[in-house]
Amino acid sequence: MAFTYTASSTGSTLQTETVSIEVSPASGVIAATMLPGDSVSGTINVSNTGTVDEYYFVTADWKAADDTTPSLAALLAYNLNVSVAAGDTDLFVGKLEDLIDRPDSPGRELTLATASEDVSFNFTLPADAGNAVQDIDLAIDFVFVATS
């Protein structure tokens with residue numbers, strides 16, 4: 001025997017909102033030659049340009065630069081340490097290869113009241129990295145994804 005139930009909603013209002021972020025600068029955050037033991041850093045400003053409070057995640061989309069093989073790029077991504085922070089809050093600390101959708105769910109809150117914040121990236125090539133990572137070039141895109 002089938003059971004069917006129907007309910008009607010009265011007095012409801014349907015609204016649409018916009019989830020949107022902008023990052024600045026759009027390119028050229030970090031361009032450096034590193035030796036074992038070196039650190040470099042850069043900052044990206046993230047702005048809530050939507051109409052609701054949001055959360056965001058960041059991913060490092062890395063690949064071999066023109067003069068590097070994919071396997072060597074993977075070797076460097078495995079050896080390169082990165083920390084990502086918004087203010088005093090660490091969003092990620094670990095290997096570049098693991099910087100995927102961080103921080104963990106629900107993400108980093110960016111309210112309409114806050115409007116924007118700086119996200120700092122600090123890369124360190126360990127002093128014991130050795131010659132295996134010499135002359136390896138990476139191209140890295142930082143991908144920011146907003147959700148509500």
Side-chain angles (χ1 to χ4, degrees), residues 7 9 11-148:
S9 175
S12 296
T13 303
L14 178 63
Q15 296 181 7
T16 60
E17 299 291 346
T18 302
V19 175
S20 177
I21 56 175
E22 285 186 13
V23 296
S24 177
S27 64
V29 176
I30 300 171
T33 299
M34 298 177 69
L35 298 173
D38 285 352
S39 292
V40 296
S41 60
T43 301
I44 296 176
N45 183 269
V46 181
S47 299
N48 181 343
T49 56
T51 58
V52 294
D53 293 345
E54 303 171 349
Y55 294 90
Y56 69 85
F57 300 91
V58 63
T59 294
D61 181 17
W62 56 268
K63 62 184 175 194
D66 292 338
D67 58 346
T68 299
T69 65
S71 59
L72 287 176
L75 177 65
L76 182 56
Y78 173 77
N79 280 280
L80 195 59
N81 296 320
V82 61
S83 62
V84 182
D88 293 335
T89 303
D90 286 333
L91 305 181
F92 175 77
V93 176
K95 302 289 185 184
L96 177 63
E97 70 175 359
D98 296 326
L99 179 49
I100 301 169
D101 289 341
R102 300 300 176 136
D104 291 332
S105 188
R108 172 71 176 177
E109 186 175 29
L110 188 57
T111 65
L112 290 171
T114 303
S116 70
E117 65 184 5
D118 287 338
V119 177
S120 61
F121 295 81
N122 186 48
F123 293 89
T124 303
L125 188 59
D128 62 355
N131 292 333
V133 295
Q134 183 175 339
D135 296 325
I136 300 174
D137 290 329
L138 286 178
I140 306 170
D141 291 325
F142 299 112
V143 179
F144 288 81
V145 176
T147 185
S148 63

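Numbers here are sequence positions counted from 1.
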Quiz item: After noting the C-alpha distance and the side-chain angles of Asp90 and Val84, does the key distance pass the side-chain contact (heavy atoms from CB on, under 4.5 Å) rule?
Solution: CA-CA 6 Å; Asp90 286 333; Val84 182; over 6 Å; no
Practice problem: Taking atom types as modelled, find out whether Thr59 and Asp101 have a side-chain donor-acceptor pair closer than 3.5 angstrom. | Solution: yes
Quiz item: Can you name the residues that form a side chain to side chain contact (heavy atoms under 4.5 Å, CB included) with Ser71, not counting sequence neighbours?
Solution: Thr69
Quiz item: Stepwise, does the side-chain contact (heavy atoms from CB on, under 4.5 Å) test hold for Val58 with Val143?
Solution: CA-CA 6 Å; Val58 63; Val143 179; over 6 Å; no
Quiz item: Does the pair Asp61/Lys63 count as a salt bridge with the N-to-O cut at 4.0 Å?
Solution: no
Quiz prompt | Test side chain to side chain contact (heavy atoms under 4.5 Å, CB included) applied to Ser83 - qualifying residues, sequence neighbours left out | solution = Val93, Asn122
Quiz item: Looking at CD of Glu22 and CD1 of Ile44, how far apart are the two atoms once the value is rounded to the nearest 0.5 Å?
Solution: 13.5 Å
Quiz item: Is there a donor-acceptor pair closer than 3.5 Å between any side-chain N or O of Asn79 and the backbone N or O of Leu75?
Solution: yes
Quiz item: Does Pro126 reach the side chain of Asn81, with side-chain heavy atoms less than 4.5 Å apart?
Solution: yes
Quiz item: Can you list the steps and then say if Leu110 with Asp53 is a side-chain contact (heavy atoms from CB on, under 4.5 Å)?
Solution: CA-CA 6 Å; Leu110 188 57; Asp53 293 345; over 6 Å; no
Practice problem: May I ask you to test the Leu91-Val119 pair for a side-chain heavy-atom distance under 4.5 Å? | Solution: yes
Self-check item: Side chains of Thr18 and Val52 in contact at under 4.5 Å (non-hydrogen atoms)
Solution: no
Practice problem: Search all heavy atoms of Glu54 against all heavy atoms of Ile21 and return the closest pair with its distance. | Solution: OE1-CG2, 3.1 Å
Quiz item: Between atom CD1 of Ile100 and atom CZ of Phe57, what is the distance when rounded to the nearest 0.5 Å?
Solution: 13.5 Å
Self-check item: By side-chain hydrogen bond (donor to acceptor under 3.5 Å, both in side chains) - contacts of Glu97 (at least two apart)
Solution: none
Exercise. Using side-chain hydrogen bond (donor to acceptor under 3.5 Å, both in side chains) as the criterion, list what pairs up with Asp141, not counting sequence neighbours.
Key: none
Practice problem: Only counting residues at least two apart or in another chain, list the ones meeting side chain to side chain contact (heavy atoms under 4.5 Å, CB included) with Gln134. | Solution: Asn131
Exercise. Report the distance from atom CG of Leu138 to atom CG of Leu72, rounding to the nearest 0.5 Å.
Key: 10.0 Å
Exercise. Taking all heavy atoms of Ala73 and all of Thr68, pick out the closest pair and write down the distance.
Key: N-CG2, 3.8 Å
Self-check item: Closest contact, heavy atoms only, Pro103 versus Arg108
Solution: CG-N, 3.5 Å
Exercise. Can you measure from CD (Glu117) to OG1 (Thr43) and round to the nearest 0.5 angstrom?
Key: 12.0 Å
Exercise. For Leu96 and Phe123, run side-chain contact (heavy atoms from CB on, under 4.5 Å): C-alpha distance rounded to whole Å, both residues' side-chain angles, the deciding distance at 0.1 Å, then the answer.
Key: CA-CA 8 Å; Leu96 177 63; Phe123 293 89; 3.9 Å; yes
Self-check item: Inter-residue atom distance Phe92.CZ - Phe121.CZ, 0.5 Å rounding
Solution: 11.0 Å
Quiz prompt | Thr33 to Asp38 - nearest heavy-atom pair and separation | solution = O-OD2, 4.3 Å
Exercise. Could you tell me which residues satisfy side-chain hydrogen bond (donor to acceptor under 3.5 Å, both in side chains) with Thr51, sequence neighbours excluded, listed by chain and number?
Key: Glu17
Exercise. Quick one: closest heavy-atom pair of Thr124 and Leu80, and the distance?
Key: O-CD1, 3.6 Å
Quiz item: Parallel under 30°, tilted from 30 to 60°, perpendicular over 60°: which one fits the rings of Tyr56 and Phe144?
Solution: tilted
Self-check item: For Leu112 against Gly50, the heavy-atom pair lying closest together
Solution: CD2-O, 3.5 Å
